[in-house]
Number of protein chains: 2
Amino acid sequence: MENVTIRMLAERLQLSTATISKALSNSHEISEETKQRVLALAAELNYVPNPYASSLRKKSSHTIAVVIPEVADSFFAEAINGIESVAQDKGYHVLIYLTHESFMKEQAILKDFQSGRVDGVLISVTTETTAAAHGLAQLAKEIPLVFFDRVCEEVTAARITTDDTIAAYNATSHLIAGGCRHIGLLSASRQLSISNRRAEGFQQALAAHQLPLTAASVLHCSNDPVATQQVLQTALQQHHYDGLIATTEKLATAVYQACEALSLNIPGDIQVIGFSNLSTARFLHPSLTTVSQPAFDMGKAAATLLFRALKSSSFPLNEQQQVIPSSLIVRNSTKAH
Amino acid sequence: MENVTIRMLAERLQLSTATISKALSNSHEISEETKQRVLALAAELNYVPNPYASSLRKKSSHTIAVVIPEVADSFFAEAINGIESVAQDKGYHVLIYLTHESFMKEQAILKDFQSGRVDGVLISVTTETTAAAHGLAQLAKEIPLVFFDRVCEEVTAARITTDDTIAAYNATSHLIAGGCRHIGLLSASRQLSISNRRAEGFQQALAAHQLPLTAASVLHCSNDPVATQQVLQTALQQHHYDGLIATTEKLATAVYQACEALSLNIPGDIQVIGFSNLSTARFLHPSLTTVSQPAFDMGKAAATLLFRALKSSSFPLNEQQQVIPSSLIVRNSTKAH
DNA sequence: CCGTGTTACTTAATCGGTTAAGTAAATAAA
DNA sequence: TTTATTTACTTAACCGATTAAGTAACACGG
């Protein structure tokens, strides 16, 4: 059975395809009676318009792309939820692309967007992404693009972030208030702006409390969990940390794993804070003090910005910046209150 | 700056658009020299073909749809990972649709697929989905469709499932071996086939051990976490369960929450098993004994099946059924070994 | 009764590739 | 030498919807 097209409807009703098209889009040029006849037949034959014909002609696809490092992470999963809630509401379709933290993949994906496949892009860049020689600046000029969480600071584009510096400052201060003097920050990337912001907040808090920043203060981890575990355990054995801040969700669980392996008691031997949206944080052993990011709201805000830009081309999208605060949720992996 | 089209390349090289098109698809009709010239200019002008023009003509979009209830769930997140890994490998695009367990939304989404927007569909149905009057049977005849995990048993289509009956049987037996005599099964749906399979395995295990199946044995929960918490706490107070099996990840954490609220000790007062892929299960307090589903592999298997069908239309997709076993991972929320 | 609008359509071009069918020139076979 | 075949293209139709431009019929003000 062939797909029902506008031409079939036209033939059945002895009208032109133009009339059908206009009737379906409720054009004022078409009489009420004809509209009814068209709508009735369309419903009867279960007509569904071909989106690609429409996209080709209208040069808009009613589709947006979400480019993220991974999906098995509460932050990104919740962000997708937020994005999708807005997209569904606006009748947009959502293409998902996972970069798996690979800059190469990210570039290949972004290049494809020059084809007009999507009307807009929401992106959280990889840990490897640097501004230099990245197509992002170019892309942001060509199609509406909103960074969320992991932004590329050198690129002029809309941004939805959380207050990473402050959140890290507060987390660090919380550890210090709990008695920590040798705090380590687990970083997932050297170039990622949010990593740097978090490191900044960390350093500011150390400085504010006259604590030294040493070579061991910042631990650089990779995307490979095995390597990360290695780095972590080695560091925990060599230095006597009494507090750790994991700047990603994966790193937070890695810390628990390392402490278990080395029989380190949390929070007795070492206090831990994780940047994480894990719904199970409160049921962990011990329950994890977290910096909880407003993932859903960030996704929603990013999508909302994007759709505003899609609706009116005069909207100065690239100047938009929103910072949605994270919150420190104190639990039993730290001692202070 | 206008988008580069095949026509522009044609004009620059004084060739017809047909030649360009064929050169780009490496047709044998085109000389090696011309191909090189076309490729060189395409690279120079950064030509990216318009996917919608191509889709319209070829009647294939190189895009698949993934329809799932939610994304903030380790199972689905991992499944997406599996799907996406295959899709990226094959150069396909992935549209994500979240039903939020709403049958209405699911239907609306599926109806849209008759438009030819996607070449194939991977779906895990909502808890509300019933076979009756569902467009699924029709859709499966029209475009390649693979169910994964939550199948619609009445519909003839490819399926990737896990061994729910056996897994539930084993989980139940494990609780019984640990001394449980009053076991409750938390079910997320009355109509979902996987829920019924799990309930079956549960009942078979009870029967095999001469334990009674009572009205309190199966607890029906909803998608609303607040209502679920209510149901759970009420049930835990009224009946003296000594074992619980949560058949979804969300229900597993709900059990922990309820037990905490009622000061019930796990596993002392009550032992718990959760169908869950939570990476933090081992760090929960107490660590959670889980029925771990092969989420990534199921997603991968579903996508692989779909792409085989897309590659050769003679592939009998609808007859394909694969069962990938789950595994019981014993931890400290249960007593048996 | 004429000109101007308005209504309700139709015609045809268009979006940007793809592909069946055609063609001229070169080469091979008879 | 003539015919058949291959090579390397071009022409033009096509996918299905949208839309600018055109038109016939009718209404209305002057």
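Residue numbering restarts at 1 for every chain, and letters A, B, ... go by the order of the sequence lines.
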_Can you confirm whether the side chains of B/N318 and B/T156 place a donor and an acceptor under 3.5 Å from each other?_
no
*In whole angstrom, what separates A/L13's CG from C/dA8's P?*
17 Å
_With a 4.0 Å cutoff (strictly under), does any side-chain N or O of B/T5 reach OP1 or OP2 of C/dG16?_
no
*Short side-chain N/O contact from A/S55 to OP1 or OP2 of D/dA17, under 4.0 Å*: no
*Heavy-atom contacts under 4.0 Å between residues 33-50 of chain A and DNA chain C, which residues?*
A/T34
_D/dT18 phosphate, OP1 or OP2, under 4.0 Å from A/T17 side-chain N/O_ = no
*Report, as a single string ordered 5' to 3', how protein heavy atoms within less than 4.0 Å touch nucleotides 21-27 of chain D: B base, S sugar-phosphate only, - not at all.*
B------
*Which word best sums up how the rings of A/Y52 and B/Y52 line up, parallel for under 30°, tilted for 30 to 60°, or perpendicular for over 60°?*
parallel
*Rounded to the nearest Å, what distance is computed from the CD1 atom of residue B/I6 to the P atom of nucleotide D/dC14?*
19 Å
*Examine C/dT18: is either OP1 or OP2 under 4.0 Å from a nitrogen or oxygen in the side chain of B/S54? Give yes or no.*
yes
*asked:* Between P on C/dT11 and CD on A/Q14, what's the gap in Å once rounded to a whole number?
replied: 11 Å
_Taking any heavy-atom pair under 4.0 Å as a contact, classify A/I20: base, sugar-phosphate, or nothing._
nothing
_A/H28 NE2 - D/dT19 C1' separation (whole Å)_ = 12 Å
*asked:* If I take atom NZ in residue B/K59 and atom P in nucleotide C/dT18, what distance separates them, rounded to the nearest angstrom?
replied: 15 Å
_Of the options D/dT10, C/dG16, C/dT18, whose atoms approach the side-chain atoms of B/R57 most closely?_
C/dT18
*Rounded to the Å, how far apart are B/L9 CG and C/dT18 P?*
12 Å
_Separation of atom OH in A/Y52 from atom P in C/dG16, rounded to whole Å_ = 17 Å
*Contact class for A/L24 (heavy atom, under 4.0 Å): base, sugar-phosphate, or nothing?*
nothing
*Please determine if A/R150 and A/E101 form a salt bridge, counting it only when a charged side-chain N lies under 4.0 Å from a carboxylate O.*
yes
*Taking only the side-chain heavy atoms of B/S31 (C-beta and beyond), determine which of D/dG16, D/dC9, C/dT19 contains the nearest atom.*
D/dC9
*CD of A/E32 versus C1' of C/dT6: gap in Å, rounded?*
17 Å
*If you fit an axis to the five pairs at each end of the helix from C/dC1-D/dG30 to C/dA30-D/dT1, how big is the angle between those two axes, to 10 degrees?*
50°
*asked:* Among D/dC15, C/dC9, D/dT19, which nucleotide has an atom closest to any side-chain atom of A/K58?
replied: D/dT19
